[in-house]
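Notes to accompany the following structure.
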Amino acid sequence: MTRRRVRFTATAQQHVRHFKGLWRENSVRPEILDHDLAEAVRMLSIVPGIGSIYRSSPIAGVRRLYLERLMSHLYYTYDEREVVIRAMWHARRGTGPDL
């Protein structure tokens, strides 16, 4: 089974840091975040097409994967070699991230 490299853009890294800070302050189960994020990255490295197409993106080919327990999406693109995570965004924000 071939795995793609997964990398986070600087913007996505900032989103994750911010989300982790809020999650750890407000969650009764802070371990969920690290587990679910790691599992999503693992899945995307194997089957990047599992997310849905994000039609509102100005960037062609952006998809998003919903992380149910985190109530957030990972926005990403991919090719034969890598998956690029561009944002992590809470689903209840009402609008998507500025990609």
Side-chain angles (χ1 to χ4, degrees):
M1 170 177 344
T2 303
R3 288 188 179 208
R4 289 168 175 81
R5 176 180 161 226
V6 178
R7 70 176 174 89
F8 287 74
T9 63
T11 298
Q13 290 174 18
Q14 181 181 15
H15 291 167
V16 170
R17 279 192 303 273
H18 178 74
F19 196 86
K20 281 184 175 186
L22 293 173
W23 187 265
R24 289 195 174 111
E25 287 177 18
N26 299 301
S27 176
V28 295
R29 295 194 52 209
E31 72 281 357
I32 289 173
L33 185 136
D34 290 333
H35 175 271
D36 288 11
L37 187 57
E39 182 62 15
V41 167
R42 186 185 73 77
M43 290 301 299
L44 288 173
S45 75
I46 299 167
V47 189
I50 60 174
S52 60
I53 296 170
Y54 182 55
R55 298 190 193 288
S56 299
S57 175
I59 301 169
V62 171
R63 301 180 78 85
R64 66 183 182 178
L65 177 65
Y66 185 62
L67 308 178
E68 186 173 355
R69 294 194 304 176
L70 303 178
M71 296 178 288
S72 297
H73 289 99
L74 289 180
Y75 291 81
Y76 66 95
T77 54
Y78 71 96
D79 61 24
E80 312 79 44
R81 294 182 327 268
E82 74 175 349
V83 176
V84 179
I85 297 177
R86 298 177 175 279
M88 181 175 183
W89 206 250
H90 198 281
R92 291 189 179 169
R93 282 188 159 177
T95 60
D98 186 16
L99 298 172

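Worth knowing before you read on, the calculation uses all heavy atoms, side chains too, and leaves out hydrogens, waters and symmetry mates.
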Taking only residues two or more places apart in sequence, or in another chain, which ones meet Tyr78 in a ring-ring contact (aromatic ring centres under 6.0 Å, His included)?
->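 Expected list: none.
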Salt bridge (Lys or Arg N to Asp or Glu O under 4.0 Å) partners of residues 61-70, not counting sequence neighbours, each pair once |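 Of all non-adjacent pairs touching residues 61-70, those that pass salt bridge (Lys or Arg N to Asp or Glu O under 4.0 Å) are Asp36-Arg69.
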Which residues share a side chain to side chain donor-acceptor pair (under 3.5 Å) with [X], sequence neighbours left out:
X: Arg4; answer: none
X: Glu31; answer: Arg29
X: Arg17; answer: none

Could you pull out all residues at least two apart from [X] that satisfy side-chain contact (heavy atoms from CB on, under 4.5 Å)?
X: Ala40; value: Leu65, Leu67, Leu74
X: Val16; value: Phe8, Lys20, Leu37, Met88
X: Arg81; value: Asp79
X: Ile46; value: Met1, Arg3, Arg42

Which heavy-atom pair separates [X] from [Y] by the least distance, and what is that distance?
X: Pro48; Y: Val83; value: CB-CG2, 3.9 Å
X: Ala12; Y: Ala87; value: CB-N, 3.7 Å
X: Phe19; Y: Leu70; value: CZ-O, 3.6 Å

Using distance only, find each side-chain donor-acceptor pair of residues 49-59 under 3.5 Å and give its atom names and separation, not counting sequence neighbours.
unit_1 : atom_1 : unit_2 : atom_2 : d
Ser57  : OG     : Ile59  : N      : 2.9
Ser57  : OG     : Ile59  : O      : 3.0

Apart from Met71 itself, what residues make up its hydrophobic cluster, given side-chain heavy atom links below 4.5 Å?
->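 ILVMFWY cluster around Met71 also holds Tyr66.
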Hey, what do you get for CZ (Arg7) to CD (Gln13), rounding to the nearest 0.5 Å?
->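 Arg7 atom CZ to Gln13 atom CD measures 9.5 Å (nearest 0.5 Å).
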If you measure from CD1 on Ile32 to OG on Ser27, what distance do you get to the nearest 0.5 Å?
->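 Between Ile32 CD1 and Ser27 OG, I get 5.5 Å after rounding to 0.5 Å.
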Cluster overlap Met43 with Val84, hydrophobic side-chain contacts below 4.5 Å |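 Result: no, two separate clusters.
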